[in-house]
Amino acid sequence: MKVFKFGGASMKDATAVKNVCDIIGAYPNQKLIVVVSAIGKTTNQFEELVSAYYSNDELRYKDSLNNIKQFHFEIINQLQIESSESLLNDLNDVFEHLSRLFSHPKVENRPYQYDQVVSFGEFLSCKILTSYLISTGIKATWLDARKLIRTDSSYQNGQIDWETTITLCKQSLLPLFEHVDLTITQGFIGHTAEGHTTTLGREGSDYSAGILAYCCNAEDVTIWKDVPGMLNADPKFFKDTKLLESISYNEAIELSYYGASVIHPKTVQPLQQKNIPLFVKSFLNPKAQGTIISSDAHRDSQIPSYIVKFDQVLVTISPKDFSFIAEKQLTDIFEALSKMQVTINLMQNSAVNFSILIDRNKIDLDQLNLQLSNHYHIKYNENLELVTIRHFNERIIEEMKGEKLCLLEQKTRTTARFVLGNIN
Ligand code: ASP
Ligand code: MG
């Protein structure tokens, strides 16, 4: 059995949905679990809907809901599957349910309500894809991920209950393959023991594919993307990018940890555990090789990879009494950061300074000041870039630094990381 994952971009309109169907159709008699995300940017639109709901802005809410509805019905029209009565009923039920939310008392628990609402994006895409596949003569069935992937109740960031998920896959997913070869399910979605819907974190559909592959002992996973595979740099910012044809699980985890956004960072771990190969391929050129991620590490160091994170802020924290940065000070600092749910991209300390690099849009500096200013001075530098180079050499580093100011640098044998700013 294979697992395929199609993201929003691969399903962005009717032509794209047809292309997905062609790709699936090229694997006849192959047992396939197909994991899909919401169509195009639907998840962002649902976030807008949730934001309107909590702003009590009924007009904006209705507007957003209408946009989502029209967008999906337009695709159904173009795919000419309007005749599928059950599809139309399913979709109408969702939109009717959502249109009534404003007439009920507001749900206080926002992360909970976010998951209940935003998860409809994947429901809609699954329903449309399954109906379209069936309309073209491909036998497909849909299985609700809310019956498969069990999480705890950390809404918007559901943590997987692996044992229960394995049992649920054995009970309800694997037996389906006695009757059909193709099962479609939602990425990004799970459910709690009480049956409430959860989501796994933005862009979490890749992770769903990894989870299901692990729980069903799949032979491999393919993530279908709009790029030829894992590249050694983001083609939006670099010319002459190269395809990484074969990298190890470890290299893939490192690259995604440092910010390569081709696959969700959590995806690789369950696959590595069971030695399940992961392919990253282009849905625009499905016959091309793409990237294979496996336990084979022998080509990892052949091509240097570049990852750049923009809009970084370097925060330097120093004890007011001039004491050393030691366990006690680090505890204070990490407590504050953890309370604020800040993710650190890089850190470094000297005797009396502790520096952390953070995405500018993910930190409230006033809040941090408030938390720490009794005992610490806080200084910061904005508009910085974090450059990570895997398998670097000195020439590459000099090239990347160019005329920029290097505020901080860290090197291991495989990875060089530096923080760059403009010289004023
Ligand atoms: N649709 C969700 C998102 O956009 C999950 C995913 O795309 O993987 O975040
Ligand atoms: Mg997406």
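Both ligands and their constituent atoms are indexed starting at 1 by order of listing. Atom set for the values below is all heavy atoms of this structure, side chains included, hydrogens, waters and symmetry mates excluded.
In this structure, K41 falls outside the shell of residues with a heavy atom less than 4.0 angstrom from ligand 1.
The shortest distance between side-chain heavy atoms of V35 and F188 does not fall below 4.5 Å. Two residues are said to be in side-chain contact when any heavy atoms from C-beta on lie closer than 4.5 Å; M230 and L255 meet this criterion.
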Throw together a table of side-chain donor-acceptor distances under 3.5 angstrom for residues 14-22, partners on residues two or more places apart or in other chains.
unit_1, atom_1, unit_2, atom_2, d
N19, ND2, F283, O, 2.9

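Looking at A209, G187, S37, it is S37 that brings a heavy atom closest to atom 7 (O) of ligand 1.
Looking at E409 and K401, a side-chain N of the basic residue comes within less than 4.0 Å of a carboxylate O on the acidic one, giving a salt bridge. Ion pairing of E251 with R390 is present here, as a side-chain N (NZ or NE/NH1/NH2) and a carboxylate O approach within less than 4.0 Å.
Not one N or O of F188 is nearer than 3.5 Å to an N or O of ligand 1, by distance alone. Inclusion of E122 in the set of residues having an N or O under 3.5 Å from an N or O of ligand 1 is warranted. Considering backbone and side-chain atoms alike, D206 places every N or O at 3.5 Å or more from each N or O of ligand 1.
Applying the 4.0 Å criterion to heavy atoms of S205 picks out, from ligand 1, the atoms 5 (C), 6 (C), 8 (O). Near R202, with a cut-off below 4.0 Å to any heavy atom, the atoms of ligand 1 are 3 (C), 4 (O), 9 (O).
Evaluation of the ring pair (Phe, Tyr, Trp, His ring centres under 6.0 Å) rule for F95 yields no partner, not counting sequence neighbours.
Here H264 has no heavy atoms under 4.0 Å from ligand 1, in either its backbone or its side chain.
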